[in-house]
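Start at 1 with the first residue, then count along the sequence.
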Amino acid sequence: MTVSQKEITLTQEKILSKDLLLVMVISFLASTAITTQMGTLPLYVAHLGGTKGDAGTVVGILGISALCLRLPIGGLLDKFGRKVILVIGLAVLVADFSILNLSHQLGFLFLLRLVQGGAMGGEGTAVGTLASDLIPKNRLSVGLGYFSIAQTLPQAIGPLIGLYLVENYGFNSLFLVGLGLTILAFLASLFVSDHYQKGLTDCNIGPQLTSKEKIITVPVMIPSLILSIICLSNSGVTAFVSQFAIERHVTNIGYYFTVNALVTVLMRIIYPKFLVTIKTSRLVLASLVFIVISFILVAKSVTLFDFLLAGSLYGIGFASILPIMNAVVLTHVSDQQRGRATAIFSASLDVAYGSGAMIWGFVAMHVGFEKMYMISGVFVALSLGIVVKYRKVIF
């Protein structure tokens, strides 16, 4: 599938409606609460006496938990609507952050992250599906690029806020701020308008929910696989770059996340122009090359500038490839399958970030961070072959 210039430039349909902006605010608040723990939870685990392997497990269990609930939640979204699942997910997040402030034991932290992952799976799948419902179909790729800004900005400010809070006020302040943000997101969710119209009657919802052949297709699974490989590789950076920077005697590493995310946001603002001027498959291949180079540069970084340059290159690559892959998935399913399609796409990222943090934690224990990042770059390079093989099917 190739996004035509007509779809991008000639349509006059509005993308950023009031409802979509509200969904973006909710996503921004909830994502910021989660991303304040990026780079800080491994430090918290070390503070509690845990190992690198323990840190990888605590970080990764979030994605594993979200994965286990994504697909069932996707079916519930298509059956009952989007808002109810969103509200429930945020309510559980509020409860989870409340308890995080009361417990300081490694085993209990593991349990709370497990619950947090399930709640995030509900909230994240709901807001993603709501956004796809609200964006005009012929501007889906562009609209998803704009929507993803609400998920990218937290990656810029979340880790920086988290590291600042921990360094100046301790770990309790980290969880208190997360609680405040999730409360605001929960309150905002009460005002969301659910525009989803069930296209199925009660008597045939059941067969639709269990019909794998209508949802498990190449245009759904291949983009999900490609994003899974990328995020699997990046999970090592996300989880351990703070510790790697300490080994390299680099300070202020929180700015890595900030620069990474700000470059991503900038790229998504100008992203429609790239869709018009560059063939989609070539844009994806170029993005993957940027990502591979970014991992190699992280492995060889010895100064803050090196880390920031690596973060910028990753931001350039990821900014383009995520909305393209997401749009491919959603344009090949019906409106009544979007909840499940979004769940499959999001679940592929959960697998990557969940298992990736655990895998890379143990890899780092045996070969060190530098070789670990070089290996992660090899994984992304392999995805280039997948894109070439299936480019005629998905683009």
Stepwise, does the side-chain contact (heavy atoms from CB on, under 4.5 Å) test hold for I26 with L86?
-> CA-CA 10 Å; I26 294 168; L86 174 61; 4.3 Å; yes
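- Of all non-hydrogen atoms in V298 and A310, the two that sit nearest each other are CG2-CB, 3.4 Å.
- When every heavy atom of S235 is checked against every heavy atom of W360, the shortest pair comes out as OG-CD1, 3.2 Å.
- Under the 30°/60° scheme for interplanar angles, the aromatic rings of F369 and F240 are found to be tilted.
- The minimum heavy-atom distance between A119 and G89, with the atom names listed, is CB-O, 3.4 Å.
- Residue V329 comes nearest to P223 through the heavy atom pair CG2-CB, 3.9 Å, listed as atom of the first residue, atom of the second, then distance.
- Residues T32 and F28 have side chains in contact (heavy-atom distance under 4.5 Å, counting atoms from C-beta outward).
- Residues A30 and L90 come closest through the heavy atom pair CB-CD2, 4.1 Å.
- Residues R113 and L41 are in side-chain contact: their nearest non-hydrogen atoms beyond the backbone lie under 4.5 Å apart.
- Residues M325 and S224 form no side-chain contact, since every pair of their non-hydrogen atoms from C-beta on lies 4.5 Å or further apart.
- Salt bridge annotation for D133-R82: present, with a cationic side-chain nitrogen under 4.0 angstrom from a carboxylate oxygen.
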Could you walk me through whether K300 and Y373 pass side-chain contact (heavy atoms from CB on, under 4.5 Å), step by step?
-> CA-CA 9 Å; K300 298 299 181 180; Y373 290 133; over 6 Å; no
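- Classification of the F307-Y256 ring pair by plane angle, with boundaries at 30° and 60°, yields perpendicular.
- Among all heavy-atom pairs drawn from V387 and L285, the shortest one is CG1-CD2, 3.7 Å.
- With respect to F175, the ring pair (Phe, Tyr, Trp, His ring centres under 6.0 Å) criterion is satisfied by exactly one of Y44, Y169, F97: Y44.
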So E370 and R248, side-chain contact (heavy atoms from CB on, under 4.5 Å) or not? Walk me through it.
-> CA-CA 10 Å; E370 180 176 341; R248 292 294 172 94; 2.7 Å; yes
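- Summarising the geometry, atom CD1 belonging to I229 is positioned 9.0 Å from atom CZ belonging to F379; distances are rounded to the nearest 0.5 Å.
- Taking CG of L232 as the start and CD1 of I359 as the end, the distance is 5.5 Å to the nearest 0.5 Å.
- A 4.5 Å side-chain heavy-atom check between S189 and K83 finds every atom pair outside the cut-off.
- Considering only heavy atoms from C-beta on, I85 stays 4.5 Å or farther from E123 through its side chain.
- Counting only heavy atoms from C-beta outward, the side chains of D54 and L106 approach each other to under 4.5 Å.
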Test log, rule side-chain contact (heavy atoms from CB on, under 4.5 Å), inputs T35 and I161 | CA-CA 9 Å; T35 55; I161 291 172; over 6 Å; no
